[in-house]
Novice: 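I have a structure I would like to understand better, so I am pasting it below and will then ask my questions one at a time.
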Amino acid sequence: YIIPLTIASLVLLTFMSCKSTKLPASNPIPESPTAFVGDWQGTLNIYQSGNIVEAIPMLMEIKRMDSLTLLWRTTYSGDSTDITKDYLLRTSDAESGQYEIDEQNGINLQASFSGATLSSIYAVMGRLITVSHTLIGDELHFKIDVTMEKSSIVTGDTIIAQDTIPEVTIYPVVLSQIAILKKVTP
C-alpha cells in the first residue's frame, strides 16, 4: 500500500528528516511547564473576522503547589470588575509530557507539553477549542482558537492519477484570543 503524498504528509516527512539542532544555551527548551512559574502580565486581544473586537488586561500567576501540581491563576480585568479563574495543572506522566488541567468544577482536561508549549484541544457546546501556552524567551504566548464543529468543510476524498486522496475535514477559526505576556515576577 502506497500512502499518497499530500501537502500535510510532505510537511511531516520534511520535519522528520531534518537533523536536530541545538539551541544556544541562552534559550534552552524547557523540559516541563514548571518553567512557566512566575507572574505574567499583558493584554488579551480577542479577534473575530481578523479584527480586534476587545482588549482585556490579563495577569497569569503560576505557582508551584507541590512536586506534581502548579496553581495556574488567571485574572482578566474588566471595566467594573475582575474575573479570576484558578486552575490546577497536575502531572500525569512527565516523561511523555502528559498533564491534566483541573478547572476545579468537575472539568478535567488533558494537556500535552512539548517544545516549550503546553497545549490542549477539547470540545464544548458545539465548539472545538485549541489552547496553547508557549514560552518564548522572556515572554509567555497564550492563544485560544475557537471553531464550530458544525461549520466544518470537507475536502479531498478523491482519486487523482491513481492516488487515493483521503477526506480532510477543516474547521475554520471563528474567534481567537491572543496574549503576549511579560514576566513581572520570578
Novice: Any heavy-atom pair between the side chains of Phe36 and Leu135 that's under 4.5 Å?
Specialist: yes
Novice: Would a 4.5 Å heavy-atom cut-off, applied to side chains only, mark Ile56 and Thr43 as touching?
Specialist: no
Novice: Excluding sequence neighbours, so at least two apart, what forms side-chain contact (heavy atoms from CB on, under 4.5 Å) with Ser151?
Specialist: Met148
Novice: Just to verify, what does Thr84 make a side-chain contact (heavy atoms from CB on, under 4.5 Å) with, not counting sequence neighbours?
Specialist: Arg73, Thr75, Asp86
Novice: Does Phe142 have any ring-ring contact (aromatic ring centres under 6.0 Å, His included) partners at least two apart in sequence or in another chain, and if so, which?
Specialist: His133
Novice: Examine distances only and state if a side-chain atom of Gln98 and a backbone atom of Ser96 form a donor-acceptor pair shorter than 3.5 Å.
Specialist: yes
Novice: Which residue pairs pass the side-chain hydrogen bond (donor to acceptor under 3.5 Å, both in side chains) test when at least one of the two sits in residues 169-181, sequence neighbours left out?
Specialist: Asp145-Ser176
Novice: So Tyr99 and Leu68, do their side chains get closer than 4.5 Å, heavy atoms only?
Specialist: no
Novice: Is there side-chain contact between Leu70 and Pro33, with heavy atoms separated by less than 4.5 Å?
Specialist: yes
Novice: side-chain contact (heavy atoms from CB on, under 4.5 Å) with Ile153: which residues, sequence neighbours excluded?
Specialist: Ile170, Pro172
Novice: So which heavy atom on Pro30 is nearest to which on Phe113, and how close?
Specialist: O-CE2, 3.5 Å
Novice: Would you call Glu139 and Lys182 a salt bridge, taking side-chain N to carboxylate O under 4.0 Å as the test?
Specialist: yes
Novice: Can a donor-acceptor pair be found, under 3.5 Å and without considering hydrogens, that links the side chain of Ser49 to the backbone of Asn51?
Specialist: no
Novice: When you compare the side chain of Asn45 with that of Glu54, does any pair of heavy atoms fall below 4.5 Å?
Specialist: no
Novice: Is the shortest side-chain heavy-atom distance between Leu88 and Gln104 below 4.5 Å?
Specialist: yes
Novice: Between the side chains of Arg90 and Asp102, is the shortest nitrogen-to-carboxylate-oxygen separation below 4.0 Å, so that they form an ion pair?
Specialist: yes
Novice: How about Val174 and Gln48: do any of their side-chain heavy atoms sit closer than 4.5 Å?
Specialist: no
Novice: Under the 4.5 Å side-chain heavy-atom rule for ILVMFWY, direct or indirect, which residues accompany Ile178?
Specialist: Tyr47, Ile52
Novice: Quick one: does Leu181's side chain get under 4.5 Å of Met58's, heavy atoms only?
Specialist: yes
